[in-house]
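Here is the naming used below: chain letters follow the sequence lines, and residue numbers restart at 1 for every chain.
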Amino acid sequence: MADYPYINQTTFSSAYQALVRAGPHLKQLQQVHAHLITSGAHRSLSLLTKLAILACSSHSSISYARKISLSIPNPDSYFFNSLIRITSKAKFGLVYDAIFFYQRMLFFFVSPSNYTFTSLIKCCADVSALKLGKSVHTHALVNGFCLDSFVQASLVAFYSKCGELGIARKVFDKMPERSVVAWNTMISGYEQNGYCKNAVELYNLMINSGFNPDSTTFVGVLSACAQLGALELGSLVHDYVNNHRIEVTVNLGTSLINMYAKCGNVRKAREVFDSMRDKNVVTWTTMISGYGIHGYGKEAMEIFRLMKCYGPSPNEITFVAILSACAHAGMVNEGRAIFSSMRDDCRMAAQIEHHVCMVDLLGRAGLLIEAYNYAKELKRPSPAIWTAMIGACKMHKNLDLGVEAAEKLLAIEPDNPGHYVMLSNVYALAGKMERVEKIRNVMIKKRLKKHVGYSTIEVEQRTHMFSMGDKSHPDTPAIYLYLDDLMRRISEVGYVSAQDSVLHELEEEEREYALRYHIVKNLRMCEDCHLAIKFISKITNREILVRDKLRFHHFKDGFCSCGDYW
DNA sequence: CTAGGGTTAG
């Protein structure tokens, strides 16, 4: 909209410059606003719009933007769309401010556009506001924007973010024309909600339908491969990227490193890492954590050292990764030094995650008392602090401390079934079976269900899943036959079940041993499986790689890379 | 002026 003619160009430009200089800061903006009024420049809609946009981009002055929107006599669609868009880009969840501006827009009979709805829907997605988003969806429908490809893509992202993959897919399927962004959104929507097989399936559909993927597509499907432990498929995707001369962006390269590391091929991960010209803090962190989950503490330290010399500054997550790498490798002194340097050299305050790493580092190394005191001195211990402590107590068979830690854990989170399982495991180790029984009854009374354990294995690019007592796989008879044979053979060479049956029943650990060498599990491995696989690696003369919830175990010749500490 | 990626302990 044109400005009123009686604001001359000089007044306009100097006022505009003043606004730009003020930036998003409330005090300065108010000063300029006062100046606008005294000079008559407040009659310019463009200037007031600029003022409101600036106010919108800072958390502290957003309410000022609301006031401006209330006092302005002649707002237009650019005014409202700008405010809603800026609000949707803010990182502090201003969904109600966006809705507020939208309502003002309707109040002034200003018609919303597809821009309006993409921004509003993004706001709802950012805070997973399902109900609100659904009503925005309805408004988009009523206003005739539901066939707009941008609005549809934002709806797919929104429903995915809310975990409503069914609805997301429905919107996606109804799209008359699917942009590459829509495909990517749907693929990563599946992947981020753990539906990795669906993500891979959709990726295949995309390729087979002749759509051109871009680097973001691969980031999504590689994350899915990483979670599935699907090395063959991940490698094929990498080949596709190379053969089609797709640009390996920082994100794509990082995703490749993550995939190879999580799928057990840490050498290949390093190869990709070394080949990348541009690396950022996430790339470095991914490489460190890649070594960490394999128990390669020295290599993780080496990357960390290189990072300090030649790379970007580490962030909080980098420290979590390196501390955890130290913990898994038993590098106590190195871990302590890094923890101190985090504060002294990098001026970062330790967060609860870092404290968890320290408890884990000390506890794993057998310094149980020190770990326990460390945990007790924390002002706000999280459940994870005590989980780490209990893990250490179980590992080093310190029952008294274990019970104490487990009770602290239950006091914080009384309804988490996993915690009851941990406590009962501690009691079972102490042979206090009446306590075990009691906990089982509490769990039944509280209707708490344990997480079901499962294992997956990739054979010829297809991922097969097995869980306790599950006979759905078409080759079940043959698998069990082989399994029985394996169990018989390892018993002959000295395998004896490591724990009594009470523990098994409580942990509900599956007893499936897959036939090839790369297995992924959703829970941690139990001692019995660990022992059995050691024997299996010996009699079958195979190297077996198992990724449990936290790390890798490399079994070879009857030994495991974790050194029996995990 | 619109929609979509990568890292985190237990």
Side-chain angles (χ1 to χ4, degrees), chain A residues 53 77-78 81-86 88-89 113-122 125 145 148-158 160-161 175 178-189 191-192 213-224 226 249-259 261-262 279-290 292-293 314-328 351-361 363-364 382-392 409 416 418-419 422 523-524 549-551:
Chain A
I53 287 173
S77 76
Y78 180 78
N81 282 331
S82 302
L83 294 200
I84 293 172
R85 177 170 45 85
I86 303 284
S88 78
K89 291 199 184 298
S113 69
N114 53 350
Y115 294 94
T116 318
F117 289 112
T118 48
S119 304
L120 285 176
I121 294 162
K122 185 176 172 6
F145 289 113
D148 181 272
S149 114
F150 288 89
V151 172
Q152 285 173 322
S154 67
L155 282 169
V156 172
F158 161 71
S160 302
K161 180 76 203 308
M175 293 179 75
R178 291 183 197 112
S179 60
V180 62
V181 174
W183 283 98
N184 296 349
T185 308
M186 196 66 234
I187 290 171
S188 54
E191 169 264 311
Q192 280 161 7
D214 65 9
S215 71
T216 304
T217 316
F218 300 110
V219 171
V221 71
L222 286 168
S223 293
T249 58
V250 178
N251 283 357
L252 177 50
T254 305
S255 210
L256 280 166
I257 295 169
N258 184 45
M259 183 278 293
K262 293 262 166 67
K279 307 182 185 73
N280 62 18
V281 61
V282 182
T283 316
W284 288 86
T285 303
T286 305
M287 194 63 240
I288 290 170
S289 122
I293 58 175
N315 65 15
E316 285 85 353
I317 298 174
T318 314
F319 278 102
V320 172
I322 186 67
L323 286 173
S324 128
C326 290
H328 280 279
Q351 301 168 337
I352 193 72
E353 291 85 347
H354 305 109
H355 294 308
V356 172
C357 290
M358 288 309 285
V359 171
D360 190 39
L361 177 83
R364 237 175 241 283
S382 67
I385 293 280
W386 298 116
T387 316
M389 189 64 220
I390 297 166
L409 179 61
N416 187 321
H419 300 347
M422 289 199 98
L523 299 176
R524 299 241 54 194
K549 201 177 171 192
L550 299 180
R551 63 164 289 158

Q: Taking atom types as they are modelled, is there a donor-acceptor pair under 3.5 Å from the base of dG6(B) to the side chain of Ser255(A)?
A: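 Side chain to base: no pair below 3.5 Å.
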Q: Under 4.0 Å between any heavy atoms, over every strand shown, what does Asn280(A) touch: base, sugar-phosphate, or nothing? Just pick one.
A: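 Base contact.
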Q: Taking Glu316(A)'s backbone N and O only, do any of them form a donor-acceptor pair with His354(A)'s side chain (distance below 3.5 Å, no angle check)?
A: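 Here the side-chain-to-backbone pair exists.
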Q: Would you check if there is a donor-acceptor pair between the side chains of Ser255(A) and Asn258(A) at a distance under 3.5 Å?
A: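 No, no side-chain donor-acceptor contact under 3.5 Å.
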Q: For Ser119(A), report the nucleic acid contact type (base, sugar-phosphate, nothing); a contact means any heavy atom under 4.0 Å.
A: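 No contact.
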Q: Strictly below 4.0 Å: does His354(A) bring a side-chain N or O up to OP1 or OP2 of dG10(B)?
A: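 So the side chain of His354(A) is outside the cut-off, no N or O lying under 4.0 Å from OP1 or OP2 of dG10(B).
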Q: Under 4.0 angstrom, heavy atoms only, what part of the nucleic acid is Ser113(A) near: base, sugar-phosphate, or nothing?
A: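 Ser113(A): no heavy atom of the nucleic acid under 4.0 Å.
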Q: Pick base, sugar-phosphate or nothing for Thr116(A), based on heavy-atom distances below 4.0 Å to the nucleic acid.
A: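 Nothing: the residue Thr116(A), judged by heavy atoms under 4.0 Å, touches no strand.
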Q: Identify whether any heavy atom of Lys89(A) sits under 4.0 Å from a base atom; if not, whether one sits that close to sugar-phosphate; answer base, sugar-phosphate or nothing.
A: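 Answer is sugar-phosphate: Lys89(A) comes under 4.0 Å of backbone atoms only.
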Q: Please give, in whole Å, the distance from dT2(B) P to Gln152(A) CD?
A: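 For the pair Gln152(A) CD and dT2(B) P, the rounded distance is 18 Å.
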Q: How would you label the contact of Ala321(A) with the nucleic acid (heavy atoms, under 4.0 Å): base, sugar-phosphate, or nothing?
A: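 Result for Ala321(A) = nothing.
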Q: What nucleic acid atoms does Gln192(A) come within less than 4.0 Å of, heavy atoms only: base, sugar-phosphate, or nothing?
A: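 Result for Gln192(A) = sugar-phosphate.
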Q: Starting the side chain at C-beta, find the nucleotide from dT8(B), dC1(B), dG6(B) nearest to Arg85(A).
A: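 The closest nucleotide is dC1(B).
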Q: Identify whether a stacking contact exists between Tyr78(A) and dC1(B), where the ring centres must be under 5.5 Å apart and the planes under 30° apart.
A: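 Per 5.5 Å and 30° rule: no stacking.
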Q: Using side-chain hydrogen bond (donor to acceptor under 3.5 Å, both in side chains) as the criterion, point out the one residue from Thr318(A), Asn280(A), Thr254(A) that pairs with Thr285(A).
A: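 Option passing the side-chain hydrogen bond (donor to acceptor under 3.5 Å, both in side chains) with Thr285(A): Thr318(A).
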Q: Any idea which of dT2(B), dT7(B), dA3(B) is nearest the Tyr115(A) side chain?
A: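 The closest nucleotide is dT2(B).
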Q: Would a distance-only check, ignoring hydrogens and angles, find a side-chain to backbone donor-acceptor pair under 3.5 Å from Asp214(A) to Thr217(A)?
A: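 Looks like yes, one N/O pair under 3.5 Å.
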Q: Look at the side-chain N and O atoms of Lys262(A) and state whether any lies under 4.0 Å from the OP1 or OP2 oxygen of dT8(B).
A: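 Answer yes for this pair, as a side-chain N or O of Lys262(A) is under 4.0 Å from OP1 or OP2.
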Q: Select one nucleotide: of dG6(B), dT2(B), dA3(B), the one nearest the side-chain heavy atoms of Val181(A).
A: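 Nearest listed nucleotide: dA3(B).
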Q: Check whether the side chain of Thr185(A) and the base of dA3(B) form a donor-acceptor pair under 3.5 Å.
A: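 Not at all, since no donor on one side and acceptor on the other fall under 3.5 Å apart.
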Q: Compare side-chain N and O positions of Asn258(A) against OP1 and OP2 of dG6(B) and report whether any pair is under 4.0 Å apart.
A: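 No, because none of the side-chain N or O atoms of Asn258(A) sits under 4.0 Å from OP1 or OP2 of dG6(B).
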Q: Heavy atoms from C-beta onward define the side chain here; which of dT7(B), dC1(B), dG6(B) lies closest to that of Ile317(A)?
A: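 Looking only at heavy atoms from C-beta outward on Ile317(A), the closest nucleotide is dT7(B).
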Q: Quick check for you: among dG6(B), dA3(B), dG10(B), whose closest atom lies nearest to any side-chain atom of Ala388(A)?
A: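 Closest of the options to the side chain of Ala388(A): dG10(B).
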Q: Please report, rounded to the nearest Å, how far the C1' atom of dT8(B) is from the CE atom of Met358(A).
A: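 These atoms are roughly 17 Å apart.
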Q: Rounding to an integer number of Å, can you tell me how far Ile293(A) CD1 sits from dG10(B) P?
A: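 In whole Å, dG10(B) P and Ile293(A) CD1 are 11 Å from each other.
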Q: Take atom CG of Leu120(A) and atom P of dT2(B), then tell me their distance rounded to the nearest Å.
A: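 After rounding, the reported distance stands at 15 Å.
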Q: Classify Thr285(A) by what it touches in the nucleic acid, base, sugar-phosphate, or nothing, heavy-atom distance under 4.0 Å.
A: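 The answer is base, as Thr285(A) lies within the cut-off (heavy atoms under 4.0 Å) of a base atom.
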Q: To the side chain of Asp360(A), which of dG10(B), dG5(B), dT8(B) is closest?
A: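 Ranking dG10(B), dG5(B), dT8(B) by closest atom to the Asp360(A) side chain puts dG10(B) first.
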Q: Looking for any heavy atom pair under 4.0 Å, which part of the strands does Val151(A) touch: base, sugar-phosphate only, or nothing?
A: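 No contact.
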Q: Donor-acceptor check, side chain of Ser179(A) to backbone of Ala182(A), threshold 3.5 angstrom: yes or no?
A: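 Indeed, once roles are kept as given, a pair shorter than 3.5 Å links the two residues.
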Q: What heavy-atom pair brings Ser119(A) and Arg85(A) nearest, and what distance separates the two atoms?
A: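 In terms of heavy atoms, the two residues are closest at OG-CA, 3.6 Å.
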Q: With a 4.0 Å limit, can you tell me whether Arg364(A) has a side-chain N or O closer than that to the phosphate oxygens OP1/OP2 of dG10(B)?
A: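 Checking Arg364(A) against dG10(B): at least one side-chain N or O falls below 4.0 Å of OP1 or OP2.
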Q: Using O4'-C1'-N9-C4 for purines and O4'-C1'-N1-C2 for pyrimidines, with syn meaning within 90° of 0, is dG6(B) syn or anti?
A: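 Here the answer is anti: the torsion falls beyond 90° from 0.
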Q: Side chain of Cys357(A), heavy atoms from C-beta onward: which of dT7(B), dT2(B), dA9(B) has the nearest atom to it?
A: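 So the nucleotide nearest the side chain must be dA9(B).
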Q: For the side chain of Asn315(A), counting heavy atoms from C-beta on, which of dT7(B), dA9(B), dG5(B) is nearest?
A: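 Of the candidates, dT7(B) comes closest.
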Q: Looking only at side-chain atoms of Ser289(A), point me to the closest of dG6(B), dT8(B), dT2(B).
A: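 Closest of the options to the side chain of Ser289(A): dT8(B).
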Q: I'd like to know if the side chain of Ser289(A) reaches the main chain of Gly292(A), judged simply by a donor and an acceptor atom lying under 3.5 Å from each other, with no hydrogens or angles considered.
A: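 Here the side-chain-to-backbone pair does not exist.
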Q: Need one value for Asn114(A): base, sugar-phosphate or nothing, where a base atom within 4.0 Å counts as base even if backbone is also close, heavy atoms only.
A: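 Base, at least one base heavy atom under 4.0 Å.
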